[in-house]
Amino acid sequence: MSHKHTLLLVSLLLLLTYTAAAQNNTQHRKDSLRNRIAVAEGQDKLDTYRLLTSIYFGEAAGDSLKMDTLLVLYAQYDAEALRQQQFKTQGLIRTNILSALLNRGTYDEIFRLAPDYLSYLAEHEVWTHYYAVYRTVLHARLRQGEYDQALAGAQQMYDQAKGRGHDDGVGMALYMISSVYGQMSRPDEEEKYIRECIGVIQATDDLLWLTQQAYFRLCSVLAYEGRYDEALGQAKELEAVNVRYEAASGGLSPGRGLTCGTSTGEYTSTPATTTGPKSIATSWTA
């Protein structure tokens, strides 16, 4: 056997060993959380369900059996949240269920479940998750190419949130209006509405996750149009939001993993080395 073949075989064995070890660690974590659920009470039980479902959530998109397991766990999680009268937690669960279905591409199931979810969340005035569920429905419409329906739905969502004085709903609606126009290749409207979105939500720490996405969308629009200096300025704003997110959460901001590029330029919000004729990054020394 040649030296090259030996190295290839060793590399393959190491990869298989690492994969098996990672799977064993994940399974051990799942078993540990299940055992904890069996004895936990109150908020600790809900937190443990949240951790366990988060593991399955990451695995379910490409695995029907794990999706089935995830949905069973969400049903148990939801029943416990109801028992404790934790309606906000129920809102989170419903939002995550629809997000998991969105990842799987099962849009009809989203449309089937959403009306009851929205009615329940409105009844209990869990408005942030109400709008998050609404937003997921609009994402599903977009993915099916139903731009007119998505735009009409986003406008309706905006009117509802505006009428109730809910900035979180207004911000999500404006983001979705911008998204629709982006899919329709109408960058002027896409930029207009994403700037409006940022203006509504940027001062609210509870919506930093959406503020990150909004600044990223704005950077993408500007970079796509070749307005690199403006995109760099907005990238600095995104970096400031990342810092706020990390200060509030104590963890790494997901905004640092955002990357976009075009045939004429690239923007990345990670501190990695960038390439391309026009590189725009949120890491700098100034």
Do [X] and [Y] meet the criterion of a side-chain donor-acceptor pair at a distance under 3.5 Å?
X    : Y    : value
Y77  : Q90  : no
Q144 : E146 : yes
R112 : Y107 : no
T48  : R34  : no
D47  : Q43  : yes
S178 : R195 : no
Q76  : E80  : no

Less than 4.0 Å between a side-chain N and a carboxylate O, is that true for [Y] and [X]?
X    : Y    : result
R227 : E191 : yes
R186 : E189 : yes
E59  : K30  : yes

Starting from the C-alpha separation in whole Å, work towards a yes-or-no answer on side chain to side chain contact (heavy atoms under 4.5 Å, CB included) for F57 and N103. CA-CA 10 Å; F57 187 96; N103 290 340; 3.6 Å; yes
[X] (side chain) donor-acceptor with [Y] (main chain) under 3.5 angstrom:
X   : Y   : answer
S54 : L51 : yes
N35 : D31 : yes
Q84 : G42 : yes
T69 : L65 : yes

Angle between ring planes, Y181 versus Y193, binned at 30° and 60°: parallel, tilted or perpendicular?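 Correct class here is parallel.
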Please walk me through it: do M176 and L142 pass side chain to side chain contact (heavy atoms under 4.5 Å, CB included)? CA-CA 9 Å; M176 290 310 302; L142 267 184; 3.9 Å; yes
On a heavy-atom basis, which atom in [X] and which in [Y] lie closest, and how many Å separate them?
X    : Y    : answer
V137 : F111 : O-CE2, 3.9 Å
L207 : D168 : CD1-CA, 3.6 Å
Y56  : K66  : CD2-O, 4.1 Å
L121 : G91  : CD2-CA, 3.5 Å
L210 : R135 : CD1-NH2, 3.9 Å
C219 : A231 : SG-O, 3.7 Å

Flag side-chain contact, heavy atom, 4.5 Å: Q213 against L238: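 A side-chain contact is absent here, since even the closest heavy-atom pair is not under 4.5 Å.
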Within the 4.5 Å heavy-atom criterion, are R141 and V180 side-chain neighbours or not?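 They are not in contact (no side-chain heavy atoms under 4.5 Å apart), so the answer is no.
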Going only through I, L, V, M, F, W and Y residues with side-chain contacts under 4.5 Å, is there a path from L82 to L46?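 Yes, because L82 and L46 connect within a single hydrophobic cluster, where side-chain heavy atoms sit under 4.5 Å apart.
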Do L232 and V221 share a hydrophobic cluster (ILVMFWY, side-chain heavy atoms under 4.5 Å, transitive)?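 Different hydrophobic clusters.
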Out of W127, Y134, Y158, which one pairs with H166 under the ring-ring contact (aromatic ring centres under 6.0 Å, His included) rule?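 Between H166 and the candidates, ring-ring contact (aromatic ring centres under 6.0 Å, His included) is satisfied uniquely by W127.
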Which distance, rounded to the nearest 0.5 Å, do you find between the [atom1] of [X] and the [atom2] of [Y]?
X    : Y    : atom1 : atom2 : result
Y130 : S119 : OH    : OG    : 9.0 Å
L92  : S99  : CG    : OG    : 9.5 Å
I194 : S179 : CD1   : OG    : 6.0 Å
N96  : I93  : CG    : CD1   : 8.0 Å
Y49  : L73  : OH    : CG    : 7.0 Å
L33  : R50  : CG    : CZ    : 10.5 Å

Is it the case that R217 places NZ or CZ above or below the six-membered ring of Y175, under 6.0 angstrom from the centre and within 45 degrees of the axis?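 Positive - R217 is close enough to the ring of Y175 and near enough to its axis.
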Apply side chain to side chain contact (heavy atoms under 4.5 Å, CB included) to H129 and R94, showing your working. CA-CA 8 Å; H129 291 299; R94 282 157 171 72; over 6 Å; no
Assess whether atom CG of D148 is packed by more than 12 heavy atoms of other residues, nucleotides or ligands within 6.0 Å.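 Counting neighbours around CG of D148, 12 or fewer heavy atoms of other residues, nucleotides or ligands fall under 6.0 Å, so no.
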Please enumerate all residues that pass side-chain contact (heavy atoms from CB on, under 4.5 Å) together with L113, with sequence neighbours excluded.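 Partners of L113 under the side-chain contact (heavy atoms from CB on, under 4.5 Å) test: I97, L98, L101, E109, Y117.
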side-chain hydrogen bond (donor to acceptor under 3.5 Å, both in side chains) between Q160 and Y131, worked out: CA-CA 10 Å; Q160 288 184 16; Y131 297 120; 5.7 Å; no
Got a sec, which residues hit salt bridge (Lys or Arg N to Asp or Glu O under 4.0 Å) with R143, two or more places apart in sequence or on another chain?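 Salt bridge (Lys or Arg N to Asp or Glu O under 4.0 Å) list for R143, sorted by chain: empty.
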Could you walk me through whether S64 and R104 pass the side chain to side chain contact (heavy atoms under 4.5 Å, CB included) test, one step at a time? CA-CA 9 Å; S64 296; R104 286 280 291 175; 2.7 Å; yes
